[in-house]
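Quick notes on the structure that follows.
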Amino acid sequence: YRAVTMSYGYSGDSILNSMADIGWMVLGFVLASRLPARAAVALALAFELFTLAMIRDNLTLNVVMLVWPVDAIRQWQAMG
């Protein structure tokens, strides 16, 4: 997987980064449980589009590159 994605050469997160990921995940679950379904979906889509635009990486691209690696996506991500 890492050989065909933007993550090539990545060796792992720090403990602080992993703890922050867990904290944001918990916050996301809390928000999703309290927001109306449409608002939760809209927020998730907004975050996907934001990370796509800002860092050329998001969950959708990771899944696509895992299931069916696309060379054009890999090249586009490498340019950023």
Side-chain angles (χ1 to χ4, degrees):
Y1 165 73
R2 291 193 191 280
V4 297
T5 67
M6 193 169 133
S7 301
Y8 181 73
Y10 179 75
S11 61
D13 287 340
S14 68
I15 293 172
L16 180 61
N17 181 266
S18 295
M19 295 303 292
D21 287 348
I22 292 168
W24 285 109
M25 179 197 65
V26 169
L27 179 63
F29 276 106
V30 170
L31 275 174
S33 72
R34 288 176 169 45
L35 289 174
R38 285 181 185 231
V41 170
L43 186 60
L45 288 173
F47 281 136
E48 279 290 289
L49 293 173
F50 176 76
T51 56
L52 178 69
M54 296 305 292
I55 63 172
R56 297 181 184 214
D57 194 24
N58 62 20
L59 179 61
T60 303
L61 285 178
N62 277 296
V63 171
V64 167
M65 294 301 283
L66 177 63
V67 174
W68 186 27
V70 178
D71 194 48
I73 293 174
R74 186 186 54 79
Q75 290 175 1
W76 175 73
Q77 286 180 312
M79 291 175 11

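What you see is a predicted model, and the numbers here were worked out from it, not measured in a lab.
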Discussion item. Test your reading of the model: is there a side-chain donor-acceptor pair from N58 to the backbone of T51, 3.5 Å cut-off?
Written reply: no
Handout entry: L52 reachable from L43 in the ILVMFWY side-chain graph, under 4.5 Å edges
Key = no
On a heavy-atom basis, the closest approach of L59 and E48 is N-OE2, 3.3 Å
CG of L66 to CG of L61, rounded to nearest 0.5 Å, is 12.5 Å
(Q) Could you check whether any side-chain N or O of R74 sits under 3.5 Å from a backbone N or O of P69, counting only pairs where one atom can act as donor and the other as acceptor? (A) no
Distance col, row M65:CE vs D57:CG, nearest 0.5 angstrom, shows 10.0 Å
So OG1 of T60 and CG of L45: to nearest 0.5 Å the spacing works out to 8.0 Å
Within one Ile-Leu-Val-Met-Phe-Trp-Tyr cluster: L35 and V41, side-chain cutoff 4.5 Å: no
Rounded to the nearest 0.5 angstrom, the CD1-CG distance for I22 and L27 is 14.0 Å
| Under a 4.5 Å side-chain heavy-atom rule over Ile, Leu, Val, Met, Phe, Trp and Tyr, are F50 and I55 clustered together? | yes
